[in-house]
Every structure is written in C-alpha cells, then in structure tokens.
Amino acid sequence: MILTDLVAHRPFLGGPAVTTTTAATTYATAGDPDFENAHRGFIATLPNAEIRNASGQVVWTLEGYEFLAEQQAAPTVHPDLWRQARLNMANGLFKVTERIYQVRGFDISNITFVEGDTGVILIDPLTVTETAAAALALYREHRGNRPVTGMIYTHCHTDHFGGVRGVLDEADATARRVPIVAPQGFMWHAVSENIIAGNAMARRGMFQFGASLPRHACGQVDCGMGKAIPAGTRSLIAPTQIINDDTETHVIDGVTIIFHLALESEAPAEMFMHFPELRALNIAEIGCQSLHNLCPLRGAQVRDARLWSRYLHEALDRYAPTADVVFAPHNWPTWGTETITKHLTQQRDLYKHLHDQSVRLMNRGLTGIEVAEAVKLPESLSAHWGNRSHYGSIPHNVKSIVQYYLGWFDGNPAHLHGLPPEETGHRYVRYMGGPKAILEKAREDFARGDYRWVAEVTNHLVFADPSNSEARALCADALEQMGFAAEASTWRNAFLLGAQELRKGAPKLRRQNVSRDMVSALPLELLLDYLAIRLDAERAGGKRMEIEWFNRETNELWAMNLQNATMTYLPGEARGPRTARVSLDRATLATLQMDRAGIQGAFARLADEGIIQVDGDIAAVKDLLGMLEDFEPAFNIIEP
Ligand SMILES: [Zn+2]
C-alpha cells in the first residue's frame with residue numbers, strides 16, 4: 001500500500017451522514033465487552049499476520065492498518081466503522097471454549113478447529129490455501145500435530161471453502177474416509193455463483209471491498225466482516241456428506257453435532273450447527289457482529305430476510321439455552337447464555353423488523369427509494385453493536401426487500417422507459433443551462449454539504465462528457481465526503497473507489513483468476529449455461545447446429561441446440577440431426593475455461609492433441625466457439 005499513491009484527499013468537511021443509524025456508542029477498549037470478546041482466549045499470532053505463498057509473495061498481511069491503533073476515530077472515518085475496523089484487527093489463534101479454537105484475522109473469514117477423540121474437525125477453511133495452511137500450522141504449533149478428521153463447510157461462499165486444499169489432501173482424506181460435510185445444494189451454488197454473473201460481480205466486488213484503495217484513514221479501513229480479501233489460491237474439494245434434512249445429528253470423531261439447515265438465508269446453501277456436549281453454537285454467517293447484506297453491492301440474488309430471521313429464531317429457541325458460547329466464521333464470539341440470548345434476539349428482530357416495516361411501507365405505495373428514506377431502526381435495535389451497519393446498510397437492504405417482492409420497476413409509468421445514462425446526461429446538461437451553470441450551482445451545494453445531490457448531478461455531467469475534468473473532480477469530491485461519512489464499510493469502499501476512478505480512471509485488469517477446482521467441478525449444464533450467456537447474437541445469426549457434449553468422467557451427456565441466435569440444451573442425445581459430439585473430461589473443461597489462448601485456441605489445441613474427441617463436423621464446433629464473447633474484466637462504472 002503506497003501512501004504516495006493516495007487519492008488527492010480532502011479533509012472531512014462535515015455534512016449529513018449518509019446512513020440512518022445514529023445511536024450513540026462508546027469506543028473504549030479497556031472494559032469494553034466487544035474488545036474483551038475479540039481478544040478473549042488469545043494464544044499466539046504471526047507478526048502482522050503476514051502470510052506468503054510458495055514463491056514468497058505476500059498473500060495476506062495486516063501491515064498498513066497501523067493507523068487503527070488510535071482509539072479516537074480519524075475525522076475521515078465514521079466512528080462506528082473505526083471501532084469495527086479496530087475490533088477486526090484482533091488476529092491469531094484463540095481458544096473459544098474447551099476443545100474449540102479459532103484462527104481469526106488471517107483472512108476475511110475465521111477457521112474453526114474442534115478437537116475430536118483422535119484428531120481435529122475443521123470448519124470453514126478460509127478463502128485461499130495459503131492462509132488456511134498458515135492457520136492450521138499455527139493451531140498445530142500450540143495444540144499438537146492432530147490429523148484432520150472432519151471438514152465442514154457452513155455455506156457455499158468462497159471464503160468458507162476456498163482454502164481447503166491448504167489443510168486437506170484429497171487422496172489422504174478419501175483413504176482415511178474423512179467426512180466433508182456441507183448443506184444441501186452446496187456444490188451447485190458454490191460453482192454457479194462465480195460463473196453466470198461472475199464477470200459483472202467481480203468488477204462490482206472491487207467497489208464493495210475496496211481492495212485497490214490504499215490502507216489509510218482516507219482509504220480502505222475494513223470490510224465489516226473482516227479486514228480484506230486475501231490474494232492466493234482458491235480451491236474446492238467436493239463434500240462427501242450432504243445435510244438434507246432440516247436438522248440432522250451426526251457424530252464426527254466422537255463429537256456430537258446437530259446440523260441445522262438455513263437454506264435461502266445469507267447464502268442459498270447454508271447451515272449452522274450446535275455442539276451439545278461442548279455447549280457451543282456455530283451460527284454460521286447468519287449471526288455475525290454486523291447487519292449483513294440482503295443484496296451485496298457486488299450484486300447477487302436477493303436474500304430472504306423473513307426466512308433469515310426465522311432461522312435465528314430457531315437457533316435462539318432450540319440451542320441458546322444450552323450454549324455457553326456462540327461463534328461464527330466472521331468477527332468474534334459471544335459468551336454467556338444471557339449475552340447469547342440477547343445477541344440472537346437482536347439479530348432475529350433486526351431482519352424481521354426491516355422486512356416487515358419495508359413491506360408495510362411498500363404496501364402503502366412507497367417505492368424502494370422512498371422506503372429506504374423512511375425505515376429507521378428503533379433505538380432498542382440500533383443500540384446493539386452487532387446490529388450496526390458495518391457491512392450491510394439499512395437503505396440498501398430495505399431496497400433489496402422491495403426488490404425481492406416487486407422487482408426493478410417502481411410501478412411509475414414515467415420510469416418505465418427512461419433513457420440510458422449518456423442520453424440522460426446530455427439532456428440534463430442542455431436543460432440545466434450547460435456545464436458551467438451546473439458546476440456553479442453544484443459548487444454552492446457542495447459547500448452546503450448536499451453531497452448526495454452533487455454526486456448525482458455532476459455524474460450526469462460526466463456521462464454527458466467524460467473529459468470534463470471539473471465535473472469529474474467535483475463528483476469525486478462529493479463521493480469522497482459520502483465515503484468519509486458512511487458507517488458501512490461497503491458504502492465507504494464504493495464511494496472512495498468511485499472517487500479514485502474519477503480521478504485516475506478505471507484500472508487495467510487481467511482476466512479474472514478463477515479457481516481451477518471450481519471450474520473443473522462445473523456440471524455440464526452450468527458449462528453450457530456459461531457458453532450460452534457468452535453467445536454474441538450477431539455472430540450467431542442464421543446459424544443452426546445440434547452438438548452433443550459428453551463428459552467421459554461423469555457420463556453426463558447434453559444435447560445443445562443453436563437456432564434463432566440462441567443456445568438451448570437438454571440432457572440426452574441430439575433430438576434432431578447431430579452436427580457433432582464433443583467428448584472431454586473435467587480437467588479439459590477447466591482448461592477450456594481458463595486457458596490464456598481463450599476457449600477457441602484451447603479447443604483447437606486440445607482437439608489436435610486428441611484430448612478432446614470430436615465425432616462429426618469439427619469445423620462447426622470451432623465456428624460455435626468463435627461466436628463467444630470474451631468479457632472485459634475492467635468495464636467502466638462511474639463514467640461511460
Ligand atoms: Zn463469509
């Protein structure tokens with residue numbers, strides 16, 4: 001993180017905060033229960049938590065966050081976010097309770113170690129193999145060289161399984177019959193989320209996490225759920241045991257675990273689990289120390305706030321009375337039945353309150369943008385630290401609830417066929433008397449602290465003329481002030497990256513570094529989905545073919561039909577005359593997706609080498625692959 005690379009930042013100039021929670025909090029460390037919990041049971045850590053890969057490159061470090069040592073928030077950071085950013089600095093190996101340990105602060109997520117009779121069960125092996133391996137090494141240094149006797153994935157997000165190959169050798173695990181446990185639907189969702197909308201999500205995710213911002217009181221300070229996303233190698237080993245019933249009790253290495261499904265909550269495939277003998281509850285990612293996202297800024301399918309609350313209610317009802325500690329794959333644990341009950345009650349009511357009040361106002365006729373201004377938490381909910389907007393925010397969650405029920409259209413016919421941003425921009429500029437007149441008024445509004453409006457109106461100017469450097473600068477200044485005032489880390493990161501890109505332009509990016517494991521785990525259906533959404537309709541116009549795709553390893557056979565510039569597919573053999581049959585295996589599928597030469601070049605080479613067998617018209621298959629678009633990873637967002 002190079003400080004000379006800092007955005008030309010300005011001090012925080014005051015003005016209205018852009019989030020809606022305002023309850024007072026204290027930031028004391030000593031005697032502060034959150035700080036005590038974040039540091040309780042500390043055993044050891046690495047200097048700066050620095051972790052390198054085999055070639056010596058740093059994949060994770062807390063270096064650069066030294067400014068957070070100050071208890072007093074910098075004027076350029078919302079005080080709540082400052083406190084959360086300090087709490088998330090706790091790092092190393094921690095004892096949670098008898099037989100349960102966690103490594104925290106080595107990744108955005110936490111890895112948990114549950115000691116069984118003969119070895120150790122791992123829960124959520126972090127995002128990348130390097131951080132997971134470092135965490136296991138630290139654990140073993142202090143708790144002995146126990147073999148891994150179980151692996152549990154709480155849910156299908158990469159930060160909860162991507163490091164698995166750093167802590168588990170698949171052949172050894174198979175030989176020793178180490179159970180790898182995951183909730184129903186895990187594999188499909190684990191690989192699908194990064195595929196279909198992957199390129200758009202990756203680019204938008206840069207704004208959510210702010211990885212390219214400098215670590216600084218005027219830059220990135222936290223991600224709410226943890227400090228940052230690690231660089232490194234993502235992997236996946238398929239589960240061997242799926243939890244399909246609402247609750248299932250299993251004994252793994254002598255430890256009784258009650259698995260409780262929480263499908264369609266924070267993730268489509270998620271579960272939490274209770275350890276009755278250890279009096280410990282792993283609440284997964286539905287009960288961390290922050291308001292979460294009902295739709296993250298990176299984009300996702302909207303999550304069900306009503307169900308999310310229901311699962312928390314079930315956890316509270318069934319397990320809280322017999323739990324001395326609640327821990328999670330992010331942030332820090334909560335100890336004591338009374339405190340646990342309070343935290344789970346607060347979280348349960350947080351999501352239900354947002355859901356019910358949003359839907360009430362929606363049914364009164366308010367649109368998402370209006371509901372977002374109207375819904376405020378009662379003091380009794382907003383005062384609880386674990387409910388504050390460190391990660392999700394109330395306005396974007398409320399809009400997500402409206403979207404969940406009503407979709408993108410606000411119902412107003414005047415908004416049914418609006419013009420796209422560039423055309424809107426030109427007209428605004430013309431109607432408002434030209435760029436000079438707009439900038440003059442916008443500067444007055446900026447001086448009055450009306451940053452939300454200044455950002456909007458100057459962005460119209462940027463879309464009308466991206467070379468207008470005064471408009472870019474003023475839009476950046478307004479976004480920056482909103483970033484400094486934002487309670488949610490995700491909002492701060494998004495506003496500040498918007499400002500940075502207006503000042504310096506969008507970054508040059510190489511193609512997304514996807515995990516080979518994840519790509520080779522793709523079912524054929526998902527691969528065909530991914531080919532279909534890359535089909536350039538103009539290049540495909542007038543073409544007709546029917547191609548069978550056969551995976552020799554899994555025996556999956558799909559017939560893909562191309563006509564009307566559209567790909568469709570069903571399992572089984574071609575229904576019409578077959579153009580060709582393409583036979584390949586998982587590794588080849590992965591190569592096709594990841595090869596630097598692109599899918600067309602990789603296919604030609606693999607077909608020449610006989611690794612892909614084509615029975616029929618190979619020229620037609622090559623023609624088809626030539627119709628696919630390669631996505632640009634760094635498309636513009638804040639400008640046309
Ligand atoms: Zn997570």
Side-chain angles (χ1 to χ4, degrees), residues 38 60 84-85 87-88 90-91 102-112 122-129 131-132 135 151-164 166-167 181-183 185-186 189-194 201-202 204-206 208-211 222-232 234-236 239 262-273 281-301 303 308 311-312 326-333 347 351 386 389-392 397 488-490 493 515 518:
W60 177 262
Q84 184 79 352
L87 283 160
N88 280 337
N91 63 89
Q102 280 190 319
V103 167
R104 303 198 284 267
F106 277 29
D107 197 299
I108 191 159
S109 49
N110 304 330
I111 182 171
T112 302
L122 273 51
I123 309 174
D124 288 352
L126 305 180
T127 313
V128 295
T129 58
T131 58
M151 178 68 66
I152 298 169
Y153 306 137
T154 59
H155 63 290
C156 56
H157 293 154
T158 323
D159 54 323
H160 302 268
F161 63 80
V164 64
V167 289
V181 189
F186 172 87
H189 292 293
V191 295
S192 70
E193 188 170 40
N194 299 299
M201 270 186 200
R204 292 168 52 132
M206 294 176 65
Q208 176 170 340
F209 297 107
D222 202 63
C223 288
M225 288 282 134
K227 299 309 300 176
I229 308 276
R234 296 178 182 210
S235 63
L236 174 60
L263 306 180
E264 303 300 333
S265 59
E266 187 264 336
E270 183 143 2
M271 63 182 181
F272 54 91
M273 66 214 64
L281 174 64
N282 175 0
I283 195 64
E285 201 165 324
I286 67 168
C288 298
Q289 299 290 343
S290 173
L291 170 63
H292 210 290
N293 289 300
L294 296 175
C295 187
L297 301 190
R298 68 172 159 85
Q301 291 180 16
R303 299 157 184 176
W308 191 323
Y311 295 128
L312 285 161
V326 169
F327 60 96
H330 291 282
N331 308 127
W332 54 93
Q347 287 267 297
Y351 294 104
S389 300
H390 314 121
Y391 188 44
N397 277 337
S489 59
T490 51
N493 293 336
S515 151
M518 258 181 265

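Position 1 is the first residue of the sequence; numbering continues from there. Remember, it's 1-based here, ligands and their atoms both numbered in the order they're listed. As the structure is a computational prediction, the values presented were derived from the model and not from experiment.
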Item to complete: Describe, in one word, how the ring planes of H160 and H157 are oriented to each other, choosing from parallel (under 30°), tilted (30 to 60°) and perpendicular (over 60°).
Response: tilted

Fill in: Ring geometry between H292 and Y391 (parallel below 30°, tilted from 30 to 60°, perpendicular above 60°)
perpendicular

Worksheet item: Given atoms OE1 of E285 and NE2 of H160, what angle do they subtend at the Zn ion (ligand 1), to the nearest 10 degrees?
Response: 80°

Discussion item. Going by side-chain contact (heavy atoms from CB on, under 4.5 Å), N88 matches just one of R104, Q289, K227. Which one?
Written reply: K227

Item to complete: Measuring from the Zn ion (ligand 1), name the closest N, O or S atom belonging to D159.
Response: OD2

Discussion item. Check for me whether the distance between the ring centres of F272 and Y311 falls short of 6.0 Å.
Written reply: no

Item to complete: Please state whether the separation between the Zn ion (ligand 1) and some N/O/S atom of H157 is under 2.8 Å?
Response: no

